[in-house]
Number of protein chains: 2
Amino acid sequence: MQRLADRGLRLTQQRRCIVAQIGAQEAHFDAEDLVSSLAAGDDRVSRATVYRLLPVLVEVGVLREVMRFGSRREFEPVEASEHHEHLVCERCGAVIEFRDQALEDAIESAARKRGFEMHRHSVEMVGLCPRCARAQARAEEDRS
Amino acid sequence: MQRLADRGLRLTQQRRCIVAQIGAQEAHFDAEDLVSSLAAGDDRVSRATVYRLLPVLVEVGVLREVMRFGSRREFEPVEASEHHEHLVCERCGAVIEFRDQALEDAIESAARKRGFEMHRHSVEMVGLCPRCARAQARAEEDRS
DNA sequence: TCCTAGCTGAGACTGTGTCTCAAATCTAGC
DNA sequence: GCTAGATTTGAGACACAGTCTCAGCTAGGA
Ligand SMILES: [Zn+2]
Ligand SMILES: [Zn+2]
Ligand SMILES: [Zn+2]
Ligand SMILES: [Zn+2]
């Protein structure tokens with residue numbers, strides 16, 4: 001909230017509700033998640049207001065937009081969650097978050113090497129999580 | 001085209017046109033790029049047919065879907081384009097493709113370390129390209 | 001308290017992608 | 001080559017995510 005005030009933005013009741021609701025979300029969420037959570041509660045915040053605030057929160061550094069294959073824009077809080085990358089399981093849909101310093105270093109280095117001033121980055125790995133990889137292997141064994 | 005026949009899919013005139021048009025595209029393209037390119041030519045292929053074929057081409061391994069921040073689904077050919085990562089400039093919109101073996105190794109290693117069977121991955125770096133970074137620095141100098 | 005720039009809500013609008021179904025067409029089998 | 005029948009197509013309706021408009025409201029400074 002303070003970040004908003006610092007930019008001369010007003011601390012309206014709606015914005016307080018949205019920010020509070022973001023705190024109650026899972027690590028990843030999208031605008032519709034917020035809209036329905038807010039609708040379920042007693043707070044009255046319109047869809048337009050939610051959609052309007054999210055880019056602002058990215059701008060002031062409260063949220064980060066997450067890269068995706070799907071159709072909805074996804075966000076995650078910047079604070080309270082160290083930067084991390086994502087493993088997405090193709091079979092069960094699980095999203096595993098992880099942090100790997102060697103990988104971060106390699107990314108920084110690749111950007112610097114090309115004269116690029118990197119502001120943010122995102123790595124997404126798609127495949128099979130350990131559990132599904134085992135299940136898959138077992139299924140193939142049975143078939144043969 | 002052969003990949004389609006192998007799956008028992010028909011080699012229609014429309015599918016030939018679409019595949020040919022994909023060959024004429026830039027490295028990255030989306031469904032609307034194809035629709036308008038085809039409309040400009042003499043080929044008559046409906047939007048629905050283009051949208052229907054793209055997931056099929058991903059399925060048979062001709063295309064790969066690219067992860068993105070934007071709103072349109074993007075694709076790129078699997079063959080004829082070595083795997084690479086992306087630098088996206090926030091200011092001029094340029095997309096710089098690059099390949100970095102150290103980065104690839106770090107990614108492979110991070111996945112293996114977590115028991116993940118990785119099928120594909122995608123790295124997107126967002127910031128300022130060398131040209132825009134210089135322009136930005138110059139602008140800030142002038143202001144002070 | 002009053003003033004006003006900034007904010008909000010409702011719903012129209014846009015862009016992207018999917019679905020429906022009658023008509024067209026590909027392919028196998030003759 | 002012809003025929004039959006399953007697949008594919010095209011046009012437009014539909015669905016979904018997100019943006020915009022504008023009249024009315026409100027936070028917050030004077
Ligand atoms: Zn899994
Ligand atoms: Zn995350
Ligand atoms: Zn640039
Ligand atoms: Zn690429």
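Reminder, nothing fancy here: chain letters follow the sequence lines and each chain counts from 1.
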TODO: Can you tell me the distance, in whole Å, between the CZ atom of B/Phe69 and the P atom of D/dG18?
DONE: 14 Å
Open item on the list: From CG of B/Leu4 over to P of D/dT9, roughly how many Å is that when rounded to an integer?
Closed with: 10 Å
Open item on the list: Side chain of A/Arg47 only, heavy atoms from C-beta on: which candidate in D/dG28, C/dT18, D/dG18 is closest?
Closed with: D/dG18
- [ ] Quickly work out the B/Arg44 CZ to C/dT25 P distance and round it to whole Å.
- [x] 13 Å
Task: Gap between atoms CZ and C1', on B/Arg10 and C/dA24 respectively (whole Å) - done: 11 Å
- [ ] Taking only the side-chain heavy atoms of B/Ala48 (C-beta and beyond), determine which of C/dA10, D/dG12, C/dG17 contains the nearest atom.
- [x] D/dG12
TODO: Mind calculating the distance between CZ (A/Arg16) and P (C/dT8) to the nearest angstrom?
DONE: 11 Å
Task: Whole-Å distance separating the CZ atom of A/Arg68 from the P atom of C/dG17 - done: 10 Å
Task: 5'-most by nearest nucleotide on DNA chain C - B/Leu11 or B/Ala31 - done: B/Ala31
Task: Residue B/Gln14, side-chain atoms from C-beta onward, closest of C/dC7, D/dG18, D/dG10 - done: D/dG10
Task: Contact check, side chains of B/Pro77 and B/Val62, non-hydrogen atoms, under 4.5 Å - done: no
Task: Distance test, side-chain N/O of B/Arg15 to OP1/OP2 of D/dT8, below 4.0 Å - done: yes
- [ ] Kindly say if A/Ser46 contacts the phosphate of C/dT8, meaning a side-chain N or O under 4.0 Å from OP1 or OP2.
- [x] no
Open item on the list: Side chains of B/Arg99 and B/Gln101: any donor to acceptor distance under 3.5 Å?
Closed with: yes
Task: Rounded interatomic separation in angstrom, taking OH from A/Tyr51 and C1' from C/dA12 - done: 16 Å
Task: B/Arg120 NZ/CZ over A/Phe69 ring centroid, <6.0 Å and within 45° of normal - done: yes
Open item on the list: Under the side chain to side chain donor-acceptor pair (under 3.5 Å) test against A/Asp30, which residue among A/Gln25, A/Arg72, A/Arg68 passes?
Closed with: A/Arg72
Task: B/Thr12 vs C/dC26: side-chain N/O to OP1/OP2 distance below 4.0 Å - done: no
- [ ] Measure the distance from CD on A/Glu32 to P on D/dG18 and round it to the nearest whole Å.
- [x] 7 Å
- [ ] Could you tell me whether B/Arg114 and A/Asp100 make a salt bridge, using a distance below 4.0 angstrom between a side-chain N and a carboxylate O?
- [x] yes
Task: 5′-ward residue of the pair B/Arg52/A/Leu9 relative to DNA chain D - done: B/Arg52
- [ ] Could you say whether B/Gln13 or A/Asp30 is positioned toward the 5' end of DNA chain D, judged by the nucleotide with the nearest heavy atom to each?
- [x] B/Gln13
